[in-house]
2 protein chains.
Amino acid sequence: MKERFIALYRVRADAASIEARAAAIAVEQSVEMPLEAIDAPEVLREVAGRVETIEDRGGGVFDVGIALAVATVDGDAGQLLNMAFGNTSLHDDAVLQDLELSADLAAQFGGPRHGVAGLRSRARASGRALTCSAIKPQGLPPARLAELAGRLAAGGLDFVKDDHGLADQRYAPFAARVPGCAAAVRRAGAITGHPTRYVPNLCGDAPAMRRQVALARDEGLDTVMIAPLLAGFANVQALVRDFPDMAFIAHPTMGGAARIAPALLIGKLFPLIGADAVIFPNHGGRFGYSEATCRRIAATARAPGPGLRGALPVPAGGMTLARVPEMLDFYGSETMLLIGGSLLAAGERLTERTTAFTHAVAAHSYGHSS
Amino acid sequence: MKERFIALYRVRADAASIEARAAAIAVEQSVEMPLEAIDAPEVLREVAGRVETIEDRGGGVFDVGIALAVATVDGDAGQLLNMAFGNTSLHDDAVLQDLELSADLAAQFGGPRHGVAGLRSRARASGRALTCSAIKPQGLPPARLAELAGRLAAGGLDFVKDDHGLADQRYAPFAARVPGCAAAVRRAGAITGHPTRYVPNLCGDAPAMRRQVALARDEGLDTVMIAPLLAGFANVQALVRDFPDMAFIAHPTMGGAARIAPALLIGKLFPLIGADAVIFPNHGGRFGYSEATCRRIAATARAPGPGLRGALPVPAGGMTLARVPEMLDFYGSETMLLIGGSLLAAGERLTERTTAFTHAVAAHSYGHSS
C-alpha cells in the first residue's frame with residue numbers, strides 16, 4: 001500500500017507556524033493521532049500523511065502539498081473526500097485547492113462513462129456547442145411542467161432538464177412528472193426531427209434514486225441529473241457503475257465552493273466519480289465566479305485525470321440569449337450552454353425564443369477560441 | 001402547501017444592496033427564476049421564498065430571514081439542504097446561520113430515536129457524563145484494532161468507536177474488523193461488568209451501509225457512527241427510519257463549518273435527521289471553535305427542535321485526561337467525553353489511562369453547571 005496521491009491545500013498562516021500547521025494537516029488527514037504514539041512502523045511508513053511541499057504565495061498564504069496513501073481511499077469516493085478534506089474542512093484556515101490523481105487512483109473511479117463524445121452523439125451534434133434549458137418554477141403540477149418541457153424541446157434544444165429543486169414533492173411526484181415530460185419532449189422531437197433529451201433530476205435516498213433511474217430508462221431516457229453533495233459521492237459512484245448506459249449531469253448545489261476550489265470540486269471530482277457533464281455558475285451571472293475560475297473549471301472538466309474521458313462543461317446561472325456569442329467565444333464548441341429562466345420569461349413566445357437560442361448556437365463561428 | 005420554515009442567512013452586503021440581495025436569495029432558494037416570468041399565482045403565493053426580516057448587525061453584515069415553503073422539502077432531508085442552502089452555498093457572501101423548524105417539519109424527520117436517554121440506558125449511567133474513545137491509527141490490521149478496542153474497553157468506557165477514517169479498506173475490511181472488535185469489547189465487558197458498546201463507522205454507498213448495520217446488529221451491536229456529509233442526508237434519514245433499534249452517532253467530517261453555522265449543522269440538523277449523539281470539535285483543542293460556539297452546539301443538540309428527543313453532545317478533537325474536570329464543568333453531565341489519541345499514546349498503559357479517564361468522569365462533582 002505504498003502509492004500516494006497529493007492533496008494541495010491553500011493555508012492561511014505565518015511563516016513561523018506553517019511547517020507545524022502542514023504537519024498537523026498531514027496527521028489529521030491520515031492517522032489522526034500523535035505520530036509518536038504509533039508503534040506500527042508500517043503505518044508510519046505507508047499510511048501517515050507526508051508533507052511534500054510548502055510554497056509561500058505571499059500575503060500570509062501558503063500552498064501545502066501532502067502525500068496521502070491511496071490505500072486509505074481504496075476506491076470509495078466517500079473516503080476520497082473524507083481523507084482529502086474531512087476534518088480539515090472544519091478548520092477555516094484551509095481550502096482544498098487540488099488533488100493530483102495518479103492513473104491508478106483515477107482508474108479506481110473510472111470517470112465519465114460517456115463524456116463529451118457520448119453527449120455529442122446523443123445530440124447528433126458535431127462542431128458546435130450543445131444547448132440545454134431547465135423546466136421550472138417548482139410548485140407547478142406535472143402537466144404544466146410537461147407542457148413547458150415540450151415547448152422548450154420544440155425550439156430544438158439538445159437537452160431539457162429538471163430544475164435542481166424538482167424532487168419528489170407531492171405537488172409533482174417524480175413518477176408522475178417524468179413520464180409526462182419524457183412524452184412531451186418525445187412528441188416535440190418527432191416534429192423537429194431533433195433528438196432532444198429530457199433529463200430528470202434524481203432525489204431522495206440511494207434506493208429511491210435507483211428506482212428513478214430505472215423508471216427513466218423505462219421511459220426511453222438515457223441521461224439524468226444528480227447533485228453529488230446531496231447524494232453522497234459514494235452513491236454517485238455506485239449509480240454510475242450500475243447504470244452504464246446512462247449519462248450523468250452533475251449539479252453543484254451545496255458545493256459551498258469557498259472551501260473547496262471550484263475547479264477541483266466541479267471540474268475534477270464530479271467527473272472523476274462519473275459525471276459526463278458538469279453544471280457550474282458562469283462568470284458575469286448571478287454568482288461570483290471569476291472568468292479565470294470558469295476557464296479553469298471548463299479546462300479541468302474536459303481533462304479530469306489520467307486515462308479518464310472528458311466531461312462536458314455546462315456554464316449556467318442567470319444566462320441570457322444576448323450572451324450566447326460571447327460565451328461561445330469564451331468556452332468554444334466543447335461546451336453546453338444552459339439557459340433557463342430567461343427563456344421561460346418569454347411566456348407565450350417560449351418556443352420562439354428557444355429556437356433563437358438553438359439557432360444562435362448552431363450559427364456561431366468558433367474562430368476566436370479552442 | 002402554505003406552511004413555511006425560516007432560513008436565516010448571515011450576509012455580507014452594504015445597506016444599499018441588502019434588500020435586493022435578500023430578495024435574490026429568496027428566489028434562488030425557491031423558484032429560481034424571475035418572479036415576473038411566473039404566471040402561476042399559486043406558485044407565487046405558496047412556493048416562492050419571502051423575505052421576512054433583514055437585521056443590520058453592523059460592520060457590513062446583515063441577518064436575513066427568508067420564509068421557504070415546507071412543501072418544497074416534503075420530508076426529504078436532502079431537499080432540506082438543497083432548499084435551505086443549495087445554490088446559495090456557491091455564493092461566498094452568505095452563511096446559513098439557522099433554520100427555524102416548525103413542529104410539522106420536525107415531525108417529518110423525527111429526530112433522534114434514542115437520544116440522550118437511549119444512550120444513557122445503553123451505558124447504564126445516570127447523573128454523570130458518558131465516556132468514549134476511538135480505535136486508531138488506520139492502517140492497522142483487524143487483530144490489532146480489536147486488541148486496542150479490548151484494552152480501551154477494559155478501562156470501563158461507555159463507548160469505543162472506530163476512527164472516522166476506518167472504512168472498508170483492504171488492510172482492515174469492515175466485515176473482518178467489526179466482529180473482532182465487537183468480540184474483544186464483549187470479552188472486556190464480561191470482566192469489568194460494564195456494558196461497553198463498540199461503535200463501528202459506516203462507509204461506502206447506501207446499500208453497503210445497510211449491509212454494515214445488519215452485520216453490526218448480527219454481532220449484537222446497537223450503536224453505529226455515520227458521517228452525514230459523506231453519506232448524504234437522505235441516506236442517513238432512511239437508515240435511521242429502517243433500523244429503529246440502532247442508535248446513530250454523527251461525525252462532522254466534511255462539515256466545512258465556515259459556511260453553515262456549526263450549531264445549525266451539527267447541533268440541529270444532524271439530530272433532526274436522526275443522530276442520537278453528535279461529535280464536534282471542542283474549544284481549546286486542535287480546532288478553532290470558540291467556547292461560545294461549543295456551548296451553542298451542545299445546547300442545540302440537547303433540544304434540536306419542537307417535539308424531538310435531545311441528542312447527546314460529544315466534544316472531541318485533541319482532548320486530554322487533564323481537561324476532564326474543566327470540560328465537565330463546562331458541559332455538565334448531559335455530555336459524552338471523547339478522548340482518542342491521548343489515551344492511545346499511553347502505549348502499554350492504555351487500559352490504566354483509560355481507567356483513570358472513566359474514574360475521573362464518574363467521580364466528578366457537577367456543581368458548577370447544568
Side-chain angles (χ1 to χ4, degrees), chain A residues 1 24 31-34 37-40 43 46-47 71-72 74 76 78-79 81-83 85-87 89-92 136-140 163-165 167-171 203-207 230-232 234-235 238 252-259 281 286-288 340-341 344-345 347, chain B residues 1 24 31-34 37-40 43 46-47 71-72 74 76 78-79 81-83 85-87 89-92 136-140 163 165 167-171 203-207 230-232 234-235 237-238 252-259 281 286-288 340-341 344-345 347:
Chain A
M1 47 182 181
V31 292
E32 212 201 323
M33 64 181 287
I38 297 176
D39 63 0
V43 170
E46 297 178 2
V47 176
T72 64
D74 212 9
D76 173 348
Q79 270 298 102
L81 277 186
N82 196 24
M83 292 293 95
F85 201 44
N87 274 3
S89 84
L90 301 169
H91 287 283
D92 66 5
K136 45 189 175 183
Q138 71 163 306
L140 294 180
D163 180 31
H164 78 284
D168 196 27
Q169 293 100 344
R170 261 163 291 184
Y171 49 70
C203 61
D205 64 10
L230 297 180
N235 294 302
T253 182
M254 278 303 295
R259 301 298 309 288
R286 62 180 197 268
F287 295 86
L344 293 163
Chain B
M1 46 181 180
V31 292
E32 212 201 320
M33 63 181 287
I38 298 175
D39 64 359
V43 170
E46 297 178 3
V47 176
T72 64
D74 213 8
D76 174 348
Q79 271 298 103
L81 277 186
N82 197 23
M83 293 292 97
F85 201 43
N87 274 2
S89 83
L90 301 169
H91 287 284
D92 65 7
K136 44 190 174 183
Q138 71 162 308
L140 293 180
D163 180 29
D168 197 25
Q169 293 100 344
R170 261 164 291 184
Y171 49 71
C203 60
D205 65 8
L230 297 180
N235 294 303
Q237 180 186 21
T253 182
M254 277 302 295
R259 302 296 310 286
R286 64 180 195 268
F287 295 86
L344 293 163

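Protein chains get the first letters and strands the later ones, always in sequence-line order, with residue 1 at the start of each.
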If you take all heavy atoms of [X] and [Y], which pair is closest and at what distance?
X: A/Leu140; Y: B/Ala40; answer: CD2-CB, 3.7 Å
X: A/Ser89; Y: B/Gly255; answer: OG-N, 3.1 Å
X: B/Gln138; Y: A/Val43; answer: O-CG1, 3.5 Å
X: B/Lys136; Y: A/Glu32; answer: NZ-O, 2.9 Å
X: A/Ala37; Y: B/Ala345; answer: CB-CA, 3.3 Å

Measure distances from [X] to the heavy atoms of chain A and classify the residue's part below 4.5 Å as side chain, backbone, both or neither.
X: B/Asp76; value: side chain
X: B/Ile38; value: side chain
X: B/Asp163; value: side chain

With respect to chain A, which residue among B/Leu81, B/Asp39, B/Asn235, B/Leu344 yields the maximal number of heavy-atom pairs within a distance under 4.5 Å?
B/Asn235
Largest heavy-atom contact set with chain A, pairs under 4.5 Å, which of B/Gly341, B/Gly86, B/Pro34:
B/Gly86
Residue part contacting chain B, namely of A/Gln79, when any heavy atom lies under 4.5 Å:
side chain
Proximity breakdown for A/Pro252 and chain B, heavy-atom pairs closer than 4.5 Å
both
Is there a side-chain contact between A/Asp205 and B/Gln237 in this structure, where contact means two heavy atoms from C-beta onward sitting under 4.5 Å apart?
no
In terms of heavy-atom pairs under 4.5 Å with chain B, the winner among A/Val31, A/Asn87, A/Asp168 is A/Asn87
I'd like to verify something: which residue of A/Pro137, A/Gly204, A/Gly165 has the highest number of heavy-atom pairs under 4.5 Å with chain B?
A/Pro137
